[in-house]
Amino acid sequence: MAGRINDEDVKAVRDAVPIDAVVSEYLQLRGAGGGNLKGLCPFHDEKSPSFQVSPSKGLFHCFGCQEGGDTITFVMKVDHLTFSEAVERLAAQAGITLRYEEGGYNPSHQRGERIRLVEAHKIAAEWYAEQLAVSPEADAGRIFLAERGFDQAAAVHFGVGYSPQGWDHLTRFLRGKGFSDKELILSGLAQDGRRGPIDRFRGRLMWPIRDIGGEVVGFGARRLYETDNGPKYLNTPDTAIYRKSQVLYGIDLAKKDIAKTSRAVVVEGYTDVMACHLAGVTTAIATCGTAFGTDHIKILRRLLMDNGSARVIFTFDGDAAGQKAALRAFEDDQKFAAETYIAIAPDNMDPCDLRLAKGDEAVADLVEPRTPLFEFALRQIVARYDLETPGGRAAALDEAAPVVARIKNSGAQHEVAVQLAGMLGILDTQFVVKRVAQLARWARDRGGRGPAPARGGSAPSYEAAPRPAVTGPALTLRNPVYATERELLKLALQRPELVSPAFDAYGVDEFTAAPYAAVRVAIQDAGGAEYGTQDPQDYLVRVREAAPDDTVRAMVTELAVEAILRKTVDEVYAGAQLVTVRRRAVERRIRDVQSQLARLSAGGDPAQLAAVQNELWVLQQYDQALRGHGAAAL
């Protein structure tokens, strides 16, 4: 077992890798005021951004699902890594060599499983690419690419490679790099043979599949030889680092332009992605051997930020399979805030064939938004019915009306309802409009679920996204006592120089809300606000580590990221919060002493009575000083 990573090295990793740079690899961030950034949370579905990042503090917090933490925590949660694996990945990005407390430097075979599998894929991708570039055997692969308009530079740009036809070329190469047979099997790069592991991919053109962070996690392999009895395309099986329903080919190259232009183009294959990018459509991505689904939508939504002007364009072949794929994509349309469109090339050509036949401009022109996906779906529905008969028109309306009712924009919904009446040949346009409006109203009344199944058809039902369970204690911030205590703790975490050293003299009992009292203890155990003035970032790390459980730790992160309620945050504002919290504590103590005094006045010990009277007088004088002199009296 490798030892614990040296604490100084962990701190160096935290300091070296900005949290906003890491988070931006997974979702689009925009300004949220006060130096913070916001985006759609990667840990739960949401329609408006409640996920905030504070670059100055190195923390993130989601006000919807309560997930929060620092850069290391984010990488752990988003990629399902252990603490050590997350630190190792970030250290590799920053060029930091880690030390281990109980065993010197960590030998490579002792690293976390995920790190090892990613490393194996990285080495394999480089090896496959080298084979395509120099191996005489790879002529078949080079010819395949050339026939589709891709030169060597294109192959290098996309990392395309070639897997030799032998049984264990890659396996032997990776063994020489220190990988065990178990790791090769777990990675999906090898599979069990009669005499041990053999290469999974043999005699194929190889496309490396990268996650949104740019790491190779799998491969798509295209058959080249007639003697190959396997499928035309063979993908990496599901592994600890690869889930085909959760990856999009080309997302690493397209993500920045998708976020920048609020537009994504979904194509059907690896060569289509290549053709689009080389034609200037740099927002193209594709699924990897599976239908476009919910998990793919989550990836795109984080990049598109649910911008109302965002566009997602699907390109499908015009054949029956392409139409089926388009309708399947439409089933998930409501999960986008973006407008969705479909683009079908002339003569049913895919983008790769279109680029070969008509050039880059034809590809760029293809993906300009033309036909809304809902319109395409309507035409496919209507085409299945005999519109020459009243029964056929009625049945088509029953199936098509719920589709129109799902259109987000009410103005567009009305306009399309009128168009539907024309498509069906129903002269009473208002009847169709009212039918659509009724279905839309029913959907709203059912809490966001889709319309009930219509007569003669089976409209899909769309459940509203469940509300995330809010962890941690519920606090009513309408209570001014809680609101001020919260504001003071935010100041102590975010601007400790404004409340130190006075804050460190505050007792835990001055915070009436139990969660706030727990945060006060954590600050105290971390060295107090005074320590925060010396090393602000390490201070927050120490406070989070001092929290007794995940609930308090989440509260610390939330308070460290949440905006302070005043634009101008200065000593005057901080002093006012200090005074308010202290005065309320004094007032509570005065009431307790007055109650004790009343009991003693009925026949208590004279000496004790005098002591209590004296305490009351001191408290009242202190309260008067706080009222008159503010923070100067603390």
Side-chain angles (χ1 to χ4, degrees), residues 1-3 81-82 84-85 87-89 91-93 95-100 103-142 152 155-156 158-211 213-225 228 230 234-242:
M1 292 294 290
L81 305 181
T82 65
S84 295
E85 288 172 340
V87 174
E88 287 165 350
R89 178 194 285 190
Q93 293 177 11
I96 295 172
T97 302
L98 298 174
R99 295 166 292 173
Y100 292 77
Y105 290 94
N106 189 26
S108 62
H109 68 273
Q110 290 179 323
R111 292 184 185 174
E113 178 183 286
R114 188 185 192 282
I115 298 294
R116 292 288 289 163
L117 299 188
V118 169
E119 188 173 346
H121 275 79
K122 178 184 177 183
I123 294 172
E126 293 170 351
W127 187 79
Y128 285 141
E130 183 180 359
Q131 301 307 303
L132 180 66
V134 302
S135 172
E137 183 191 322
D139 274 345
R142 292 188 286 266
Q152 185 178 357
V156 171
F158 292 94
V160 184
Y162 174 79
S163 56
Q165 295 185 78
W167 289 102
D168 60 354
H169 289 292
L170 178 66
T171 298
R172 285 188 283 111
F173 180 77
L174 290 175
R175 277 175 177 161
K177 294 291 184 180
F179 291 94
S180 68
D181 288 354
K182 179 182 178 182
E183 288 174 329
L184 297 180
I185 297 295
L186 288 174
S187 71
L189 295 169
Q191 59 190 19
D192 285 319
R194 292 181 180 178
R195 299 180 181 177
I198 59 174
D199 295 350
R200 178 177 295 276
F201 305 109
R202 303 184 300 276
R204 287 179 173 251
L205 202 58
M206 306 296 295
W207 279 269
I209 299 169
R210 294 181 169 87
D211 62 16
E215 291 182 324
V216 181
V217 293
F219 289 93
R222 209 283 187 186
R223 185 179 61 202
L224 293 173
Y225 303 105
D228 187 339
L234 179 65
N235 279 30
T236 295
D238 280 356
T239 69
I241 63 172
Y242 178 84

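Just so you know, these numbers use all the heavy atoms, side chains as well, and skip hydrogens, waters and symmetry mates. Just so it is clear, the structure is predicted and the values come from calculations on it, not from any experiment.
- Every residue meeting the salt bridge (Lys or Arg N to Asp or Glu O under 4.0 Å) condition with Arg89, not counting sequence neighbours, appears here in chain and number order: Asp79, Glu215.
- Put simply, CG on Leu205 and OH on Tyr162 are 9.5 Å apart, with the number rounded to the nearest 0.5 Å.
- Under the ring-ring contact (aromatic ring centres under 6.0 Å, His included) criterion, Phe173 pairs with Trp127, sequence neighbours left out.
- Gln191 and Arg202 get closest at one heavy-atom pair: NE2-NH1, 3.9 Å.
- A donor-acceptor pair under 3.5 Å is formed between the side chain of Arg223 and the backbone N or O of Gly230.
- Side-chain N or O atoms of Glu137 include one that pairs as donor or acceptor with a backbone N or O of Gln165 at under 3.5 Å.
- Of the charged side-chain nitrogens involved, at least one lies within less than 4.0 Å of a carboxylate oxygen, so that Asp181 and Arg175 count as a salt-bridged pair.
- Taken from CG in Asp211 to CD1 in Ile241, the straight-line distance is 8.5 Å, to the nearest 0.5 Å.
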Report the C-alpha distance between Thr236 and Ile209 in whole Å, list the side-chain angles of each, state the deciding distance to 0.1 Å, and finish with yes or no for side chain to side chain contact (heavy atoms under 4.5 Å, CB included). CA-CA 9 Å; Thr236 295; Ile209 299 169; 5.8 Å; no
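- Among all heavy-atom pairs drawn from Gly188 and Arg200, the shortest one is O-NE, 2.8 Å.
- Remark: of the listed residues Phe219, Phe158, Trp207, Phe219 is the sole one forming a ring pair (Phe, Tyr, Trp, His ring centres under 6.0 Å) with Tyr128.
- Pro197 approaches Ile185 most closely through the heavy-atom pair CB-CD1, 4.1 Å.
- Considering only residues two or more places apart in sequence or on other chains, Ala92 meets the side-chain contact (heavy atoms from CB on, under 4.5 Å) condition with none of them.
- Residues His169 and Pro164 share a closest heavy-atom pair of CD2-CB, 3.6 Å.
- Listed by chain and residue number, Arg142 satisfy the side-chain contact (heavy atoms from CB on, under 4.5 Å) test with Asp139 (two or more places apart in sequence, or in another chain).
- Looking at Arg114 and Glu85, no side-chain N of the basic residue comes within less than 4.0 Å of a carboxylate O on the acidic one, giving no salt bridge.
- Of the inter-residue distances, the one linking Arg195 atom CZ with Asp168 atom CG reads 11.0 Å to the nearest 0.5 angstrom.
- Across Gly178 and Glu183, no two heavy atoms sit closer than the pair O-OE1, 4.3 Å.
- For the atom pair Met206 CE and Leu224 CG, the distance stands at 10.5 Å (nearest 0.5 Å).
- Separation of atoms CG (Leu234) and CZ (Arg204) is listed at 5.0 Å; rounding is to 0.5 Å.
- Judged as a side-chain contact (heavy atoms from CB on, under 4.5 Å), and not counting sequence neighbours, the contacts of Ser187 are Leu117, His121, Leu189.
- For the pair Thr171 and Asp199, the tightest heavy-atom approach, listed with the atom from each and the gap, is OG1-OD1, 2.6 Å.
- In the displayed structure, Glu126 atom CD is contacted under 6.0 Å by more than 12 heavy atoms of other residues, nucleotides or ligands.
- With sequence neighbours excluded, no residue satisfies ring-ring contact (aromatic ring centres under 6.0 Å, His included) with Phe201.
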